[in-house]
2 protein chains.
Amino acid sequence: MTAPPLPRSTADARRATVVARAVTVFARHGYWATPVADVAAAAKISPAYVFRLFDGKLGLFLAALEHCFTRILATLDESADRSAGEAPAVVLERMGDAYAQLIADRDLLLLQVHALSAADVPEIAEALRGGYARVVTLAKERSGAPDPAVQQFIALGQLCHLIVAAGLQGLPAGWAQLLTAGMAHPDRGGG
Amino acid sequence: MTAPPLPRSTADARRATVVARAVTVFARHGYWATPVADVAAAAKISPAYVFRLFDGKLGLFLAALEHCFTRILATLDESADRSAGEAPAVVLERMGDAYAQLIADRDLLLLQVHALSAADVPEIAEALRGGYARVVTLAKERSGAPDPAVQQFIALGQLCHLIVAAGLQGLPAGWAQLLTAGMAHPDRGGG
DNA sequence: GCTGCTTGTGAGTGTTCAATCACTTACATG
DNA sequence: CATGTAAGTGATTGAACACTCACAAGCAGC
């Protein structure tokens, strides 16, 4: 009753698919509460092979985090492209909108929340700082906005994390609507 | 070689001290990566007794989180007292300063980060929402500031969490200084 | 003293999970 | 077909940990 043997692939290709699945799986329950076997199952390979492809659970998580930041940077960069030539404040606002759109994805934002919580592991803290270094630098350089505006941009990003992780979007309470005001709505699908 | 028996105390008093220690211990490594035995050791009682005083590990964490929010609300309330009669924006800014001072404490901010990461546990998400409901409501009512200002206040609070958890304060890099600009400095203590 | 209640613990139990290893299976090349 | 190499797995191990329970030790009232 084992699954039919998958078509073989190179280790590199397999690693790439596992990383992509790992982002989603780790995003659900975080680093410590996610067994490697869950990622393996999502990637449809055996746990043993995951350990062969990555340097332990930590290596797997770090790869997922790296992938996460790569995708976020791509999103922001793309957004900056679309508002080229606009005033700094406008560019930054558009980037903020693009980031808020990721609330629908959930995965990329949640993984950052989990990584922050696991930042007592030095390697994770290091990867996190590396990621934010790139995000802040990109936001500043591509918008040309002054430091305080960039700081506020990042702060709003962190607020997005709170909204997603605590499940605030769509809550009727006034305090929740106050926090989510101006944020992209998640499952407004077909509109 | 067992520790000399502690002076007896009532269960309620013991619970209170355990909760206070639990805030610190959970703040270090988070919910999943912290064994109950670590909290017990910090409180100098046996793990078995912790399970008797609280409803499982989850009950212990929830009590710690509640305690955390109580202390934060007290801090904010106190700050509002000190700036009574000032303009809304000023009151809010003073509250922000008071919150940023907690960066030195670390514990209260870190516990929120960990709670957010563990918010896939329904009870933790619920407690978190309850806490933020009170924080937002207090900030709005005591400052009288408009919604967007309160939203920004909370966003800056989340930025504080990032700074503490990722260890950004004191980093020489430009992007880090951009993020920490205006935040209270932690251990500028005795030299 | 004795009795009964509360505080507190030592010694377990069962489970979960990271990591390893010996092994098998597919494919490329001669 | 033979043979080497890389992909992939089942079985297992050892440790950590949440939680339990039978029991001990202190303190009240008699």
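Per chain, numbering begins at 1; letters A, B, ... match sequence-line order. In what follows, every heavy atom counts, from backbone to side chain, and hydrogens, waters and symmetry copies are set aside.
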To the nearest angstrom, the CG-P distance between B/Asp55 and D/dT20 comes to 9 Å
Let's see if you can work this out: which of D/dC19, C/dG8, C/dA18 has an atom nearest to the side-chain heavy atoms of A/Val36? C/dA18
Of the candidate nucleotides D/dT9, D/dA18, C/dT9, which contains the atom at the shortest distance from the side chain of B/Pro35? D/dA18
Give the rounded distance in Å between these two atoms: NZ of B/Lys44 and P of C/dT9. 13 Å
Give me the ring orientation class for A/Phe61 and A/Phe26: parallel if the planes are under 30° apart, tilted from 30 to 60°, perpendicular past 60°. perpendicular
A/Trp32 atom CH2 is separated from C/dT16 atom C1', nearest whole Å, by 14 Å
Quick test of your reading of the model: are A/Lys140 and A/Asp147 salt-bridged, counting only N-O distances below 4.0 Å? yes
Of the nucleotides D/dT9, C/dT9, C/dT20, which one has an atom closest to the side chain of B/Tyr49? C/dT9
Taking C/dT7, D/dA7, C/dA19 as options, the one with an atom nearest any side-chain atom of B/Arg52 is C/dT7
Can you say whether a donor on the side chain of A/Arg14 sits under 3.5 Å from an acceptor on the base of D/dG8, or the other way round? no
Could you go step by step and tell me if A/Tyr49 and A/Arg14 meet the side chain to side chain contact (heavy atoms under 4.5 Å, CB included) rule? CA-CA 10 Å; A/Tyr49 193 36; A/Arg14 190 66 79 188; 4.0 Å; yes
Whole Å only: how far is the CZ atom of B/Phe26 from the C1' atom of D/dA18? 12 Å
Measure CZ/A/Phe51 against C1'/C/dA22 and give the value in whole Å, please. 17 Å
Specify the residue among B/Thr10 and A/Lys57 whose closest nucleotide of DNA chain C lies further upstream toward the 5′ end. B/Thr10
d(CG, A/Asp38; C1', C/dA18) in whole Å: 13 Å
Here the distance between atom P of C/dA19 and atom CG of A/Leu60, to the nearest Å, is 10 Å
Should A/Arg71 and A/Asp105 count as an ion pair when the cut-off is N to O under 4.0 Å? yes
Send over the distance from B/Leu53 CG to C/dT6 C1', rounded to a whole Å. 11 Å
Look at all strands and tell whether A/Ala48 reaches a base, only sugar-phosphate, or nothing, counting heavy atoms closer than 4.0 Å. base
Does atom CD of B/Gln151 have more than 12 heavy-atom neighbours from other groups under 6.0 Å away? yes
In terms of side-chain heavy atoms of B/Ser9, which of D/dT20, C/dG8, D/dT9 is nearest? C/dG8
